[in-house]
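We name chains A, B, ... by the order of the sequence lines, and we start the count at 1 in each one.
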Number of protein chains: 2
Amino acid sequence: MDGHALSELEGVVLGVVWKFGPCTPHAIRSHFFASRSARFSGSAGAIYPLVARLERAALLRSRSDRLRRQRRRLYEITPAGRRRLVTWISPPFRDQDVGALHDPIRTRVYFLAALPAPERRRFLGDAEAGLRRTLDLMKQDLAGYRHAGSHLSVLAMRGAIGLARAQLRWLAAIHDDVVRAGARDRG
Amino acid sequence: MDGHALSELEGVVLGVVWKFGPCTPHAIRSHFFASRSARFSGSAGAIYPLVARLERAALLRSRSDRLRRQRRRLYEITPAGRRRLVTWISPPFRDQDVGALHDPIRTRVYFLAALPAPERRRFLGDAEAGLRRTLDLMKQDLAGYRHAGSHLSVLAMRGAIGLARAQLRWLAAIHDDVVRAGARDRG
DNA sequence: TAAGGCATGTAAGACGTTACATGATTAC
DNA sequence: GTAATCATGTAACGTCTTACATGCCTTA
């Protein structure tokens, strides 16, 4: 992280501190708790060592603070951190960044011939139900961001919603094929 | 992995061995090398210990083999492994499986106000170019799967292509907003 | 007064990756 | 003959998760 590239989590944390700082590590964690994406949990064991690392690299700086009698530490981004954030965001993109997205449902579809036809039907039904729930939650998030005037969060959320809709369209489109698929030949 | 749930990589490997087995660990690795998804690299340091683990858990069994004078080990799935695969594929899905997909481009969009407007334009242009390249490659993969008669691979690939198209539509839709966005207020 | 949110951290472990080391076989 | 591919593995490391430990503050 000193000479090397930032990890995905390091980049996001740097971005969060830039966008919402000065803030406590706990506040940073809250963003991950609130996120629909399960990529990172925002666990203490990840965040506290990470901000310490970023501070040692002079990308963040911190000061002690006190809220009532509650001790806490406020982090903010440094000019070097700001430059590093710009580099992290900017092209060129790595192949993995613009490559195929990872989708656990799709991964399982590759092996769906391992299930008997009724189970395959249940698979598709449950996946659709789960995606619809997620979609509803994301629509609520979207309304919240709109209300808060978080312009870029609104745009990003539209992307996430577009992906969920694409997943749902795909499930509907392949339904008949899947239920009939690969009964004897492993698909 | 004995009493616990299978990791994503363990599930996929079990599925690959079921679908293409008996096969060598090297052949398993090839599937990851050929995959458009960057979730797993198929590194030797992941695969060889993993198949050994699955064999200890009696989900795979193996036998020594020889191709010319090349020693190798062929793995195939056991009945217990087959049952475990079915469980791994089947609902109920975890929240993370039907939650928002992780998309590195979208992650960066949250912080796009950190870039000046011309850089934001370049960001969108490069992302679009990268996604189009991926899309083209995936279309070739699709044709290959069709030709090979890999029915479920065709269906899965249609899902991946649908997602890439959704990403491209999203980028086009937010273009004007992004370029104007959050010049002073961090978006 | 109990529950839950705010706040900071550490320890152990799971799970990957990168890099290395070795050797046989095939295609140019 | 030499480069690429097939083939098997190990060692060191990075990074994140789970679980634990502690304490303050607010609300019901």
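Across the protein-nucleic acid pair, B/Tyr75 atom OH and D/dA7 atom P stand 14 Å apart, rounded to whole Å. One atom, CZ of B/Arg63, and another, P of D/dT8, lie 13 Å apart when rounded to the nearest Å. In this entry the distance linking OH of B/Tyr48 with C1' of D/dA11 reads 16 Å, nearest Å. To the nearest angstrom, P of D/dG14 lies 14 Å from CG of A/Leu50. Atom pair B/Glu55:CD and D/dG9:C1' shows a separation of 15 Å (rounding to whole Å applied). We find that CG of A/Asp65 is positioned 14 Å from C1' of D/dC24, with the value rounded to whole Å. Rounded to a whole Å, the CZ atom of A/Phe40 is 12 Å from the C1' atom of D/dT17. Atom NE2 in B/His4 sits about 12 Å away from atom P in C/dG13, given to the nearest Å.
Residue A/Ser7 has no polar side-chain atom (N or O) positioned under 4.0 Å from OP1 or OP2 of D/dG14.
Looking at heavy-atom distances under 4.0 Å, A/Arg29 makes contact with a base. Contacts of A/Ser41 with the nucleic acid, taken as non-hydrogen atoms under 4.0 Å apart, involve only primed sugar atoms and P, OP1 or OP2.
Salt bridge A/Glu119/A/Arg108: absent, no basic N to carboxylate O contact under 4.0 Å.
Tracing side-chain contacts under 4.5 Å through hydrophobic residues (I, L, V, M, F, W, Y), one reaches A/Leu112 starting from B/Leu142; they form part of the same cluster.
A donor-acceptor pair under 3.5 Å is absent between the side-chain atoms of B/Arg61 and the main chain of B/Thr78, judged by distance alone.
A rotation axis mapping the C1' atoms of four pairs onto the next four is fitted at both ends of the helix from C/dT1-D/dA28 to C/dC28-D/dG1 over five pairs, and the angle between these axes is 30° to 10 degrees.
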Using a 4.0 Å heavy-atom cut-off, write out nucleotides 23-28 of chain C from 5' to 3' as B (base contacted by protein), S (sugar-phosphate only) or - (no contact). BSSS--
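Looking only at side-chain heavy atoms (C-beta outward), A/Leu115 and A/Arg122 stay at 4.5 Å or farther from each other.
In summary, the side chains of A/Arg73 and A/Ser62 do present a donor paired with an acceptor at a separation below 3.5 Å, with no hydrogens or angles considered.
Residue A/Arg73 places its side chain closer to C/dG9 than to any other of D/dT8, C/dG9, C/dC6.
Atom CG of residue A/Leu9 and atom OG1 of residue B/Thr107 lie 11.0 Å apart, to the nearest 0.5 angstrom.
Within 6.0 Å of the CZ atom in A/Arg68, the count of heavy atoms belonging to other residues, nucleotides or ligands does not exceed 12.
Ring planes of B/Phe111 and A/Trp88: tilted class, angle from 30 to 60°.
Residues passing the salt bridge (Lys or Arg N to Asp or Glu O under 4.0 Å) test with B/Arg83: none are found, sequence neighbours excluded.
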